[in-house]
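Can you read through this structure? Questions will come right after.
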Amino acid sequence: MNMLDLDGPVLETVEMHTCGEPTRIVTKGYPKLQGTLLQQRRQAKEQYDHLRRRLMLEPRGHADMYGAILIQETELVSSDEADIGVLFCHCEGYSQMCGHGTIALGRFLIDTDDLTIFPRRKQVQFSAADRTASLNLHAPCGLVRVIVPTTSDGSKADGSRPVSFVSVPSFATALGRSLPIKDRDAWLALTGRGPPHAVTIDIAYGGAFYALVSVEELGLGDRLQELDFDTTKKIAMIIKQSVVETYPDLCQHQSLSSDQCGLYSVIIMDKETGRPSKDTVGAELGLCMFANGQIDRSPTGSGVTARVAAAYGAGKRKLTDKWTYHSLVSHLNNGSGAFLASIAEEVTITTAARNTTSAVTVLVEGQAFYLGKSSFISEREDTLGRGFLL
Ligand SMILES: O=C(O)[C@H]1NCC[C@@H]1O
């Protein structure tokens with residue numbers, strides 16, 4: 001390797017998955033960024049996007065890859081509110097929040113004893129009574145509290161028990177809204193049938209904005225399992241574009257900065273709910289397509305948060321209810337990998353202009369597993385190695 005002419009840093013990663021959804025955690029080699037977390041995200045986009053492309057796209061990644069870049073210094077780390085920061089990334093860019101990645105990071109950050117990766121590891125609060133460690137993660141959406149089960153001395157995570165997190169206050173911005181479909185020709189070309197005149201959607205924020213739609217609204221089949229993934233992904237992107245054009249104001253909130261707003265994803269939900277796990281009173285099944293059409297293998301932690309907020313807003317969820325959320329992967333694998341979610345607290349968001357919004361915080365539980373470690377390089381002459389998608 002000494003003789004290689006390298007283009008850029010060696011990027012070290014730990015590879016994990018949460019219900020089959022990958023998290024490539026960048027542990028070493030990423031350049032140090034400056035400023036607040038959102039300023040650092042802008043710098044990552046403007047100066048180092050080639051590193052995201054290398055890690056997410058082929059030949060090192062694939063069209064549904066997901067990543068987490070650890071950020072040691074942020075404004076919330078400086079004020080002692082957070083233990084570490086993170087920038088989440090995917091094949092299109094950078095996201096506001098990622099629940100499946102948070103679950104993976106929770107386990108990894110407790111397991112690591114490398115203080116060059118997690119300098120505040122020793123300050124993480126450990127409860128001997130519960131055998132859990134609580135760490136605060138600064139994500140682009142805000143502060144996320146993560147609870148990680150540990151061994152009895154708190155030195156390592158206990159991977160046999162789920163990690164849970166409580167993200168930022170979440171709320172619905174629209175319930176039962178009629179959405180006119182914009183690109184009717186594209187829909188017709190994809191399905192051989194004209195789209196419905198309109199579909200009924202909810203829009204909710206769970207650290208990122210989600211449009212929620214029932215599968216039968218699409219007229220393509222009543223069960224998620226019957227749908228052709230490629231077509232469904234493209235239909236979801238037509239819905240996403242229709243929401244962006246018709247209801248841009250419903251994908252923002254006065255409490256958020258402009259670069260925290262915008263529609264992230266469309267979740268298609270199925271009436272066939274899947275099996276409720278132990279201790280839960282109900283179940284839901286959904287398929288999340290995010291960014292430019294990546295399919296989430298996991299039940300989508302931030303999407304589940306948004307769905308609980310929408311159910312609460314519609315008066316369909318009691319404070320004490322714990323619910324099972326399946327992705328198609330968990331549903332087709334005997335429930336393995338499902339997330340559980342319940343309302344943690346009812347809260348009120350008050351903006352600088354003193355407007356208020358009723359919201360909830362949501363506790364989401366799930367399990368993540370290790371896949372391996374990588375050390376990625378890039379040779380100067382390797383143009384394909386800079387990243388492509390088929
Ligand atoms: O679990 C989540 O919240 C994420 N999974 C991929 C898309 C979302 O960011």
Side-chain angles (χ1 to χ4, degrees), residues 15-25 41 52 55-56 61-69 86-108 137 139-146 162-170 204-212 229 233 236-237 240 251 259-269 284-310 323-330 337-341 361-369:
E15 314 282 330
M16 298 185 75
H17 82 97
T18 313
C19 191
E21 180 70 4
T23 307
R24 173 162 285 169
I25 304 172
R41 187 170 65 171
R52 174 190 65 80
L55 289 168
M56 295 297 103
H62 53 80
D64 292 304
M65 193 58 179
Y66 209 96
I69 303 164
V86 63
L87 294 180
F88 293 117
C89 60
H90 44 67
C91 289
E92 189 191 31
Y94 303 81
S95 53
Q96 306 303 329
M97 174 55 191
C98 173
H100 90 268
T102 296
I103 289 166
L105 278 175
R107 186 171 173 202
F108 167 72
L137 189 66
C141 65
L143 199 64
V144 179
R145 288 184 289 127
V146 191
V163 170
S164 49
F165 70 86
V166 178
S167 180
V168 293
S170 300
Y205 178 76
F209 282 95
Y210 284 83
L212 312 173
F229 270 6
K233 192 158 83 174
M237 291 305 104
K240 188 175 177 189
C251 302
D259 53 0
Q260 291 172 312
C261 296
L263 187 64
Y264 179 45
S265 158
V266 173
I267 299 184
I268 302 176
M269 289 160 314
E284 284 188 21
L285 171 61
L287 178 67
C288 167
M289 274 139 301
F290 63 96
N292 56 357
Q294 286 186 225
I295 295 186
D296 196 346
R297 275 63 174 163
S298 89
T300 315
S302 50
V304 161
T305 305
R307 284 156 74 185
V308 172
W323 222 260
T324 303
Y325 285 86
H326 286 290
S327 65
L328 272 179
V329 173
S330 68
F339 291 177
L340 309 186
T361 56
V362 177
L363 181 90
V364 180
E365 295 172 34
Q367 268 180 297
F369 297 94

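For ligands, and for the atoms within them, numbers begin at 1 and follow the listed sequence.
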Parallel, tilted or perpendicular: which one describes the rings of Y264 and Y210, with boundaries at 30° and 60°?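 Aromatic pair Y264/Y210 classed perpendicular.
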
With a 3.5 Å distance limit and no angle check, can you tell me whether R52 reaches the backbone of C91 through a side-chain donor-acceptor pair?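 Here the side-chain-to-backbone pair exists.
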
Taking only residues two or more places apart in sequence or in another chain, which ones pass side chain to side chain donor-acceptor pair (under 3.5 Å) with R24?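 For R24, the residues satisfying side chain to side chain donor-acceptor pair (under 3.5 Å) (neighbours in sequence not counted) are E15.
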
The criterion is side chain to side chain contact (heavy atoms under 4.5 Å, CB included); which residues satisfy it with A341, sequence neighbours excluded?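 Counting only residues at least two positions away or on another chain, A341 forms a side chain to side chain contact (heavy atoms under 4.5 Å, CB included) with V304, V308, Y325, V362, V364.
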
Once you restrict both partners to nitrogen or oxygen, which atoms of ligand 1 have a protein partner under 3.5 Å, and how far apart are they?
from     : atom 1 : to   : atom 2 : distance (Å)
ligand 1 : 1 (O)  : G99  : N      : 3.2
ligand 1 : 1 (O)  : H100 : N      : 2.8
ligand 1 : 1 (O)  : G301 : N      : 2.7
ligand 1 : 3 (O)  : G99  : N      : 2.7
ligand 1 : 3 (O)  : G301 : N      : 3.3
ligand 1 : 3 (O)  : S302 : N      : 2.8
ligand 1 : 3 (O)  : S302 : OG     : 2.7
ligand 1 : 5 (N)  : H100 : ND1    : 2.8
ligand 1 : 5 (N)  : D296 : OD2    : 2.7
ligand 1 : 9 (O)  : Y66  : OH     : 3.2
ligand 1 : 9 (O)  : M97  : O      : 3.1
ligand 1 : 9 (O)  : Y264 : OH     : 2.8

Could you pull out all residues at least two apart from R297 that satisfy side chain to side chain donor-acceptor pair (under 3.5 Å)?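 Once residues adjacent in sequence are excluded, the partners of R297 under the side chain to side chain donor-acceptor pair (under 3.5 Å) criterion are D64.
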
Counting N and O atoms only, with roles assigned by atom type, does the side chain of S327 sit under 3.5 Å from a partner on the main chain of V329, one being a donor and the other an acceptor?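 Indeed, once roles are kept as given, a pair shorter than 3.5 Å links the two residues.
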
